[in-house]
Visitor: 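Handing you this structure, nothing more for now.
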Amino acid sequence: MKDKRVLFVSSEVTPYLPENEMSSTSFEAARAVHHKGGQTRIFMPRFGVVNERRHQLHEVIRLSGMNLVINDMDMPLIIKVASIPKERMQVYFIDNDEYFKRKATFTDEDGNLFPDNDERAIFFAKGVVETVKKLNWAPDIIHVHGWMSAMLPVYLKEYYSNDPLFENSKIVVSLYDNGFEGTLDSEFINKVKFDQISDENAAILETPSYDNVMKNAINNSDAVLIANENVSADLKEFAKNSEKPVLEYNSELDFSEAYLSFYNEKVLDN
């Protein structure tokens with residue numbers, strides 16, 4: 001992985017959010033690439049529960065300041081950054097007061113999904129791409145973790161399809177057992193179509209369930225990782241039928257080496 005550029009885009013990353021399989025895997029996979037001489041950038045939403053003082057987040061003025069259009073509304077993009085202690089790895093936070101200031105991640109205190117989660121996902125995807133463009137940092141691999149990150153593949157494949165910075169980027173999507181009950185906003189498909197995402201690519205979001213959001217990500221990715229042993233049989237079957245390289249679940253003890261081998265042998269050479 002020496003000198004390869006790997007962009008990690010995750011809904012959750014430790015130590016900024018509580019440790020779980022996704023937050024720790026996102027961090028450990030990036031650290032494994034970093035230790036092998038690769039270059040990494042990590043992106044996550046700046047949820048209101050992230051302690052900015054403790055983790056020493058600071059706004060990057062030169063990257064902030066643009067507006068992203070979400071469903072015909074201008075939404076200001078704020079970029080913050082922090083360094084993971086002892087690792088010399090930078091984490092970029094996509095922020096917006098309307099979408100991320102609330103002191104919660106995906107649901108309210110009663111466990112109900114926030115009604116604007118679909119727009120938050122679109123904003124996050126666009127915010128990541130626009131920030132990477134400003135950094136002028138062309139990734140060899142873009143590794144997506146979690147459903148809040150899952151709109152990134154389709155936006156890269158269609159909305160940003162003519163951007164030369166991502167021309168040679170390979171997209172990998174990880175599947176976890178972090179789904180949600182019910183569906184996202186019923187207008188999700190129309191908000192995606194507003195951005196000129198094709199009818200064919202948007203069709204699966206007619207019913208924006210967790211599985212369908214992740215199937216859309218698989219459709220627009222180059223490879224798939226089964227990152228949790230409890231991923232639904234339906235999603236596993238869909239991934240296997242996609243005719244894309246699939247890495248089966250590995251235990252935490254050996255997943256780093258398995259990921260690195262998968263990147264080198266199945267993703268970069270594919």
Side-chain angles (χ1 to χ4, degrees), residues 7 9-11 43 45 68-73 75 94 99 113 115-133 138-139 141-176 178-180 182-227 231-232 234-246 266-267 270:
L7 173 64
V9 184
S10 183
S11 304
F43 279 75
L68 303 180
V69 178
I70 308 296
N71 196 32
D72 206 19
M73 296 183 297
M75 305 300 290
I94 300 298
Y99 289 139
L113 288 169
D116 62 353
N117 273 341
D118 59 329
E119 294 181 12
R120 298 167 91 205
I122 294 171
F123 183 89
F124 183 49
K126 285 185 170 182
V128 169
V129 176
E130 295 295 347
T131 305
V132 174
K133 285 170 63 177
I141 296 173
I142 299 169
H143 193 161
V144 175
H145 303 255
W147 64 263
M148 183 64 79
S149 309
M151 296 311 294
L152 187 61
V154 68
Y155 272 78
L156 282 170
K157 292 295 186 182
E158 292 209 12
Y159 191 80
Y160 294 100
S161 61
N162 295 322
D163 196 305
L165 195 70
F166 304 98
E167 184 179 2
N168 298 312
S169 299
K170 300 290 187 179
I171 304 172
V172 180
V173 61
S174 278
L175 303 179
Y176 293 88
N178 72 321
F180 52 80
T183 62
L184 301 180
D185 186 71
S186 60
E187 289 296 306
F188 191 15
I189 186 172
N190 294 323
K191 296 170 188 177
V192 170
K193 285 183 176 181
F194 177 83
D195 287 327
Q196 307 303 311
I197 303 300
S198 66
D199 290 349
E200 179 184 8
N201 228 332
I204 199 168
L205 298 176
E206 183 73 48
T207 301
S209 64
Y210 170 75
D211 276 12
N212 283 348
V213 168
M214 297 314 300
K215 287 175 181 179
N216 179 270
I218 292 169
N219 283 339
N220 291 282
S221 296
D222 299 293
V224 183
L225 278 162
I226 309 298
V231 171
S232 72
D234 182 40
L235 269 183
K236 286 182 183 177
E237 188 69 19
F238 189 87
K240 291 174 182 176
N241 290 337
S242 70
E243 299 184 354
K244 297 171 183 181
V246 177
K266 300 296 185 181
V267 180
N270 193 21

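Residue numbers start at 1 and run along the sequence shown.
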Visitor: Rounded to the nearest 0.5 Å, what's the gap from CD1 on Ile197 to CG on Asn220? Could you check?
Guide: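 Ile197 atom CD1 to Asn220 atom CG measures 8.0 Å (nearest 0.5 Å).
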Visitor: Could you state the interatomic distance from CZ (Phe43) to OG (Ser10), rounded to the nearest 0.5 Å?
Guide: 13.0 Å
Visitor: To the nearest 0.5 Å, tell me how far Leu68 CG sits from Tyr99 OH.
Guide: 9.5 Å
Visitor: Are side-chain heavy atoms of Lys236 and Ile226 found at a separation under 4.5 Å?
Guide: yes
Visitor: At what distance, to the nearest 0.5 angstrom, does OG of Ser198 lie from NZ of Lys157?
Guide: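 Answer for the OG-NZ pair, Ser198 versus Lys157, is 13.0 Å.
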Visitor: List the atom of Pro245, the atom of Asp222, and the distance in Å for their closest heavy-atom pair.
Guide: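 Shortest heavy-atom contact: CD-O, 3.3 Å.
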Visitor: What closest approach, in Å, do Asp195 and Tyr155 show between heavy atoms, and which atom pair accounts for it?
Guide: OD2-OH, 2.7 Å
Visitor: Rounded at 0.5 Å granularity, tell me how far OH in Tyr160 sits from CD in Glu130.
Guide: 3.5 Å
Visitor: Between Val267 and Ala223, what is the shortest heavy-atom contact and its length?
Guide: CG2-CB, 3.9 Å
Visitor: Begin from the C-alpha positions of Ile171 and Lys244 and carry the test side chain to side chain contact (heavy atoms under 4.5 Å, CB included) through to its verdict.
Guide: CA-CA 11 Å; Ile171 304 172; Lys244 297 171 183 181; over 6 Å; no
Visitor: When you measure from the centre of the six-membered ring of Tyr159, is the NZ or CZ of Lys126 closer than 6.0 Å and no more than 45° off the axis?
Guide: yes
Visitor: Verify the neighbour count for atom NZ of Lys266: are there more than 12 heavy atoms of other residues, nucleotides or ligands below 6.0 Å?
Guide: no
Visitor: Give a yes or no answer on whether the side chain of Ser149 reaches the backbone of Ser11 with a donor-acceptor pair at less than 3.5 Å.
Guide: yes
Visitor: On a heavy-atom basis, which atom in Pro139 and which in Leu7 lie closest, and how many Å separate them?
Guide: CB-CB, 4.0 Å
Visitor: Going through the checks in order, is the side chain to side chain contact (heavy atoms under 4.5 Å, CB included) test met by Tyr176 and Val231?
Guide: CA-CA 6 Å; Tyr176 293 88; Val231 171; 5.5 Å; no
Visitor: Would you name the heavy atoms of Asn201 and Ile204 that are closest together and state the gap between them?
Guide: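 Answer, listing the atom of Asn201 first, then Ile204: O-CG2, 4.3 Å.
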Visitor: Do Pro45 and Ile94 make a side-chain contact, defined as non-hydrogen atoms from C-beta onward lying under 4.5 Å apart?
Guide: no
Visitor: Looking at Asn162, I want to see if its CG is surrounded by more than 12 non-hydrogen atoms of other residues, nucleotides or ligands under 6.0 Å.
Guide: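 Counting neighbours around CG of Asn162, 12 or fewer heavy atoms of other residues, nucleotides or ligands fall under 6.0 Å, so no.
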Visitor: Quick one: closest heavy-atom pair of Trp147 and Asn117, and the distance?
Guide: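 Of all heavy-atom pairs spanning Trp147 and Asn117, the closest is CH2-ND2, 3.6 Å.
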Visitor: Tell me, do Lys133 and Phe166 make a side-chain contact under 4.5 Å, heavy atoms counted?
Guide: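 Side-chain contact under 4.5 Å: yes.
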Visitor: For Glu158, check salt bridge (charged side-chain N to carboxylate O under 4.0 Å, His left out) against everything at least two apart and list the hits.
Guide: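 Glu158 satisfies salt bridge (charged side-chain N to carboxylate O under 4.0 Å, His left out) with no other residue.
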Visitor: Could you check Thr207 against Thr183 for side chain to side chain contact (heavy atoms under 4.5 Å, CB included), going step by step and ending with a plain yes or no?
Guide: CA-CA 7 Å; Thr207 301; Thr183 62; 4.0 Å; yes
Visitor: Measure the CD-CD distance between Glu187 and Glu119 for me, rounded to the nearest 0.5 Å.
Guide: 10.5 Å
Visitor: Are the side chains of Lys215 and Asp234 in touch, meaning some heavy atoms are under 4.5 Å apart?
Guide: yes
Visitor: Answer yes or no: is there a side-chain heavy-atom contact under 4.5 Å between Phe194 and Val69?
Guide: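 Phe194 vs Val69: side chains touch.
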Visitor: Quick one: salt bridge (charged side-chain N to carboxylate O under 4.0 Å, His left out) partners of Asp211, sequence neighbours excluded?
Guide: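 Listed in chain order: nothing, the list is empty.
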Visitor: Could you walk me through whether Met151 and Val192 pass side chain to side chain contact (heavy atoms under 4.5 Å, CB included), step by step?
Guide: CA-CA 9 Å; Met151 296 311 294; Val192 170; 3.9 Å; yes
Visitor: Report the C-alpha separation of Ser174 and His143 in whole Å, then their side-chain angles, then the decisive distance to 0.1 Å, and conclude whether the side chain to side chain donor-acceptor pair (under 3.5 Å) test is met.
Guide: CA-CA 7 Å; Ser174 278; His143 193 161; 2.7 Å; yes
Visitor: With side chains defined as the heavy atoms from C-beta onward, is the minimum distance between Ser232 and Leu235 less than 4.5 Å?
Guide: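 Side-chain contact under 4.5 Å: yes.
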Visitor: Give a yes or no on whether a salt bridge exists between Lys240 and Glu237, defined as a side-chain N under 4.0 angstrom from a carboxylate O.
Guide: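 No, no charged N to carboxylate O under 4.0 Å.
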Visitor: Within the 4.5 Å heavy-atom criterion, are Leu225 and Val173 side-chain neighbours or not?
Guide: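 A side-chain contact is absent here, since even the closest heavy-atom pair is not under 4.5 Å.
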Visitor: Look at Lys191 together with Asp185 and state whether they make a salt bridge at an N to O cut-off of under 4.0 Å.
Guide: yes
